[in-house]
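The block underneath contains the structure these notes are about, expressed in structure tokens.
Worth knowing before you read on, the calculation uses all heavy atoms, side chains too, and leaves out hydrogens, waters and symmetry mates. Numbered from 1 within each chain, the chains take letters A, B, ... in sequence-line order. None of these values were measured; they are calculated from a predicted model.
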Amino acid sequence: MTEIRSNSREVGVAATPPTSSVGGMHINRGAVNSIARNRVDNALAIAIKGLDNIDAHGKYWNASDDPYQSLTEKIIVETGLLALIVTRIPEINVSTAGLLNKIADRLESLARSSEKAALLVKYPHVALPFGIAHLALEELQRPDPRFSSVLHRALFSHQIDSMERLPYRKLEVEWLRAALTGEPLPPHVNLCGSIISGYPHPLHMSIPDVYALTHTLFYLSDFGRSSVQREDVDLTWMRNCVDSCLAWQLFEQNVDTVGELIISAIALSDGSLTATSAACWGGIEKLWDLMGFVPGPNFDANHFGSISGPERDSYAFQNSYHTIFVAGIMNAILLQKPSLEIAIDADALGASVASADIPLLAEFATKFCGSLPKKIVAEAAILQPGRDARYLDLQSALDAHSSSATPSTVIEARNLLDRHLTMLQMYPDVFTKYR
Amino acid sequence: MARRLAHHEIKRAVQSAAEAGAINLDIPVRSLLDSIASALPEGGGTEEVGLHILCCNEYALITHSGLSDLEAIVAQASNIRSSLE
């Protein structure tokens, strides 16, 4: 038995699959699509209520002096993005169309205003957030030539690049320019300095790195519309990296990043979802089915229970809207990919987690699949001690799980151990914990 | 936090604090953030916290954020849903 550690929890994992492991599963796309349509409508309905109450909610959010970085503006933009991706679903049903119209009614006044036009003139870089909601409204057949003119002047001004941006934000500018002009993203768009140009691995990544990786893939694929095809990117490494990050984040119960990573897996897919992605989708679906929504990673149930009335409603929305939108977008993208195969081979399944103390999200993924894919368990078993710098445990996990983990995880874990052992020779007095 | 510390000074300070039982090296990053944030004056504290985390990351003292308490959220699911819908 090796152990998967998740903060204070110790979860025993059988290193060898039990003989009673279940067979493979082919997930019926008709059933997935039916679920996905419901989830999309659920997300849209919550978005509408959020917009209706945005002023009331905003009273409980920390005010910002920066008018284009407030939470209220962020929600308007992200609602626009959700609506934009939903408009791409083929054969939108009546209920979804009705919800989209309601969102458009509300976004028109919130996303376009004389104040925003004035900001676009003075601060052209705000074309990036403002442009996304405007693009959504255009796709919802709500054009506004006046606002469009001001926005385009800002977006295509050289001043939009006269600020320091992270590489994935630069890519977002390129994506928005292409989307607003109906052109594809230039095939050789500059990825200099991007995380995708390197060899990221969750043994060393932070949550902002996951965010950078997923958003780079969002823009490169136009949110899953096309598969990422770049000769200057090691796509096999990236697919493995996304799978490894999924295993890590599944055991951290971060629905937000798990949803974004599944979208990334779709963007990198070659016609079928990986077993890891499929199991994680199932985990989120089971959670959503139980709760009627999906919570954000910072949701504090104790705090929610200690407040009441409008403050409580505001807190619930603030701490779950983003994750609900991500999960809604994930399902909308799945609906755009009817030929994407969602299957898990019998050989991939069969890992059993012995303890009842497994994190709930991983438990739901287990329920969905019958048993967890061996790769998820192997990845989590290696990543947890590796990330915690528990090197003896990492060595044990490698011994037990190398055959089921991705090659990149095995390579990076061995590199980590090698660097550690080399360092120990030079610094024998290093903290006990890191020996 | 106002003074810049060299890396070896940070290591020594953190090690001493851990040995004295003043901090727990296994503490989730969110708890650490909360405790630091609560000790800082209103406004202007964000950068200080960010700098601290940057230092800690270099030393791998903090390697992941806290596990969300999904069970507690599930227990409140119907109330939360009422707030959202």
Side-chain angles (χ1 to χ4, degrees), chain A residues 5-9 42 45-46 49-50 53 202-204 206-207 248-249 251-256 287 290-302 304-305 309-317 319-321 324 359-361 363-364 383-384 386-390 430-434, chain B residues 7-8 10-21 23-34 37-38 40 42-46 49-50 52-85:
Chain A
R5 204 174 81 93
S6 203
N7 280 5
S8 60
R9 300 158 190 238
N42 192 188
I46 289 170
K49 187 174 179 194
N53 292 300
L203 276 169
H204 306 290
S206 64
I207 296 295
W248 165 35
Q249 290 300 294
F251 275 78
E252 293 286 321
Q253 309 208 102
N254 190 332
V255 182
D256 214 82
L287 180 68
L290 175 74
M291 304 217 302
F293 69 100
V294 281
N298 297 319
F299 203 110
D300 183 339
N302 290 331
F304 175 81
E311 185 179 9
R312 175 184 255 214
D313 295 345
S314 170
Y315 181 84
F317 184 75
N319 288 284
S320 50
Y321 88 88
I324 292 166
L360 197 57
L361 191 57
E363 187 182 321
F364 285 155
L383 290 172
Q384 289 177 358
R387 289 187 58 79
D388 285 351
R390 292 183 285 117
V430 74
F431 289 176
T432 306
K433 177 178 175 181
Y434 303 111
Chain B
H7 288 169
H8 72 276
I10 296 171
K11 176 184 170 183
R12 210 159 46 225
V14 172
Q15 192 169 14
S16 300
E19 286 168 3
I23 61 167
N24 175 3
L25 291 182
D26 294 321
I27 198 167
V29 68
R30 192 185 311 138
S31 305
L32 186 61
L33 265 175
D34 289 345
S38 65
L40 292 170
E42 279 296 314
T46 310
V49 174
H52 185 89
I53 296 304
L54 185 64
C55 291
C56 289
N57 274 344
E58 273 190 62
Y59 277 85
L61 295 176
I62 299 162
T63 51
H64 55 80
S65 58
L67 187 72
S68 75
D69 192 354
L70 209 48
E71 289 83 352
I73 298 171
V74 168
Q76 293 260 23
S78 62
N79 291 330
I80 299 169
R81 205 165 50 244
S82 297
S83 285
L84 291 171
E85 293 177 351

Please give me the minimum heavy-atom distance between [X] and [Y], naming the atom from each residue.
| X | Y | result |
| --- | --- | --- |
| B/E85 | A/K49 | O-NZ, 2.7 Å |
| A/G305 | B/Q76 | CA-NE2, 3.5 Å |
| A/A301 | B/I73 | CB-N, 3.8 Å |
| A/I324 | B/L84 | CD1-CD1, 3.9 Å |

Applying side-chain hydrogen bond (donor to acceptor under 3.5 Å, both in side chains) to A/N53 and not counting sequence neighbours gives none
Find the one option among B/I80, B/N79, B/V74 whose heavy-atom pairs under 4.5 Å with chain A are most numerous. B/I80
Distance-only, no hydrogens or angles: does the B/R81 side chain make a donor-acceptor pair with backbone N or O of A/F293 under 3.5 Å?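 No: the side chain of B/R81 does not pair with the backbone of A/F293.
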Go through the atoms of [X] and report whether side chain, backbone, both or neither lie under 4.5 Å from a heavy atom of chain B.
| X | answer |
| --- | --- |
| A/L287 | side chain |
| A/S320 | side chain |
| A/N42 | side chain |

Here the gap from B/E71 atom CD to A/E363 atom CD, rounded to the nearest 0.5 Å, amounts to 8.0 Å
First locate atom CG of B/D69, then atom CG of A/N302, and finally report the distance between them rounded to the nearest 0.5 Å. 7.0 Å
So for B/S78, is it side chain, backbone, both, or neither that comes closer than 4.5 Å to the heavy atoms of chain A?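 Interface part for B/S78: neither.
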